[in-house]
Amino acid sequence: MKEKLVKEKILTALNKVTKNNFEDYESIQNFQLTGWKIGMNAVDLAYFLLELRKKFNICFTENDVKDYRFNTLKSIEIIINKKI
């Protein structure tokens with residue numbers, strides 16, 4: 001899957017879960033998902049993980065989410081690109 005398409009799908013999932021309208025992936029890719037800019041809570045993170053699982057038809061493992069690996073859009077993009 002092309003890099004741009006992966007980023008678009010991640011951004012679409014983020015906007016669906018947070019009900020925001022982030023338009024520029026590059027400008028938010030390194031912000032913490034639970035930080036002030038994106039503002040997700042634990043429930044949002046769970047829904048986001050499930051939404052990404054559905055969009056990319058992949059499963060996330062414990063290793064994918066532990067030690068803050070599932071913390072920014074960029075880190076999630078890296079995980080997804082390894083799985084597709």
Side-chain angles (χ1 to χ4, degrees):
M1 196 174 289
K2 294 183 178 182
E3 183 178 325
K4 185 176 180 180
L5 185 55
V6 169
K7 290 177 181 180
E8 288 174 3
K9 284 187 171 189
I10 292 171
L11 192 61
T12 300
L14 177 70
N15 285 332
K16 180 177 180 180
V17 169
T18 62
K19 296 179 178 49
N20 285 321
N21 191 28
F22 295 110
E23 295 179 6
D24 183 19
Y25 178 93
E26 304 298 326
S27 70
I28 61 169
Q29 69 179 344
N30 292 311
F31 283 100
Q32 292 181 359
L33 297 176
T34 56
W36 66 272
K37 181 76 173 178
I38 298 174
M40 296 176 84
N41 59 37
V43 174
D44 293 335
L45 286 172
Y47 280 116
F48 188 46
L49 185 140
L50 294 172
E51 188 65 26
L52 292 172
R53 181 180 173 183
K54 184 171 68 173
K55 282 194 175 298
F56 291 99
N57 196 28
I58 59 174
C59 291
F60 293 98
T61 65
E62 179 182 346
N63 285 334
D64 293 332
V65 297
K66 72 178 186 179
D67 298 327
Y68 298 100
R69 290 187 181 119
F70 200 84
N71 193 36
T72 65
L73 297 181
K74 185 64 178 175
S75 63
I76 293 168
E77 177 190 344
I78 290 168
I79 293 167
I80 290 171
N81 281 324
K82 288 180 182 177
K83 293 182 176 285
I84 57 174

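By convention here, the first residue in the shown sequence is residue 1. Note that these values count all heavy atoms, side chains included, but never hydrogens, waters or copies made by symmetry. As the structure is a prediction and not an experimental result, all values here were calculated from the model.
Atom OH of Y47 is surrounded by 12 or fewer heavy atoms from other residues, nucleotides or ligands within 6.0 Å. Counting non-hydrogen atoms of other residues, nucleotides and ligands closer than 6.0 Å to NZ of K83 gives a total above 12. Heavy atoms from other residues, nucleotides or ligands lying under 6.0 Å from CZ of R69 number more than 12.
Contact annotation: the side chain of F48 approaches that of I10 to within less than 4.5 Å [non-hydrogen atoms, C-beta and beyond]. Counting heavy atoms from C-beta outward, D64 and L49 have side chains that stay 4.5 Å or more apart. Side-chain atoms of F70 and L52, non-hydrogen and from C-beta on, do get closer than 4.5 Å to each other. Side chains of K74 and E77 form a contact here, defined as non-hydrogen atoms less than 4.5 Å apart. Between I76 and L33, some side-chain heavy-atom pair lies under the 4.5 Å cut-off.
Between the side chain of D44 and the main chain of N41, a donor-acceptor pair closer than 3.5 Å is present.
We find the CD1-CD1 distance between I84 and I79 to be 12.5 Å, quoted to the nearest 0.5 Å. For the atom pair CG (N30) and NZ (K37), the distance works out to 12.5 Å, reported to the nearest 0.5 Å. Put simply, CG on L45 and OG1 on T18 are 11.0 Å apart, with the number rounded to the nearest 0.5 Å. Within the model, atoms CD of E3 and CD1 of I80 stand 12.0 Å from one another, a figure rounded to the nearest 0.5 Å. How far CG of D24 is from NZ of K7: 10.0 Å, rounded to the nearest 0.5 Å.
In this model, no donor atom of one side chain and acceptor atom of the other lie less than 3.5 Å apart for N15 and T12. N57 and K54 form no side-chain donor-acceptor contact under 3.5 Å, judged by distance and modelled atom types alone.
A search for side chain to side chain contact (heavy atoms under 4.5 Å, CB included) contacts involving S75 returns T72, not counting sequence neighbours.
Taking all atoms of both residues into account, the shortest heavy-atom contact from I38 to L14 is CG2-CD1, 3.9 Å. Of all non-hydrogen atoms in L11 and Y25, the two that sit nearest each other are CD2-N, 4.0 Å.
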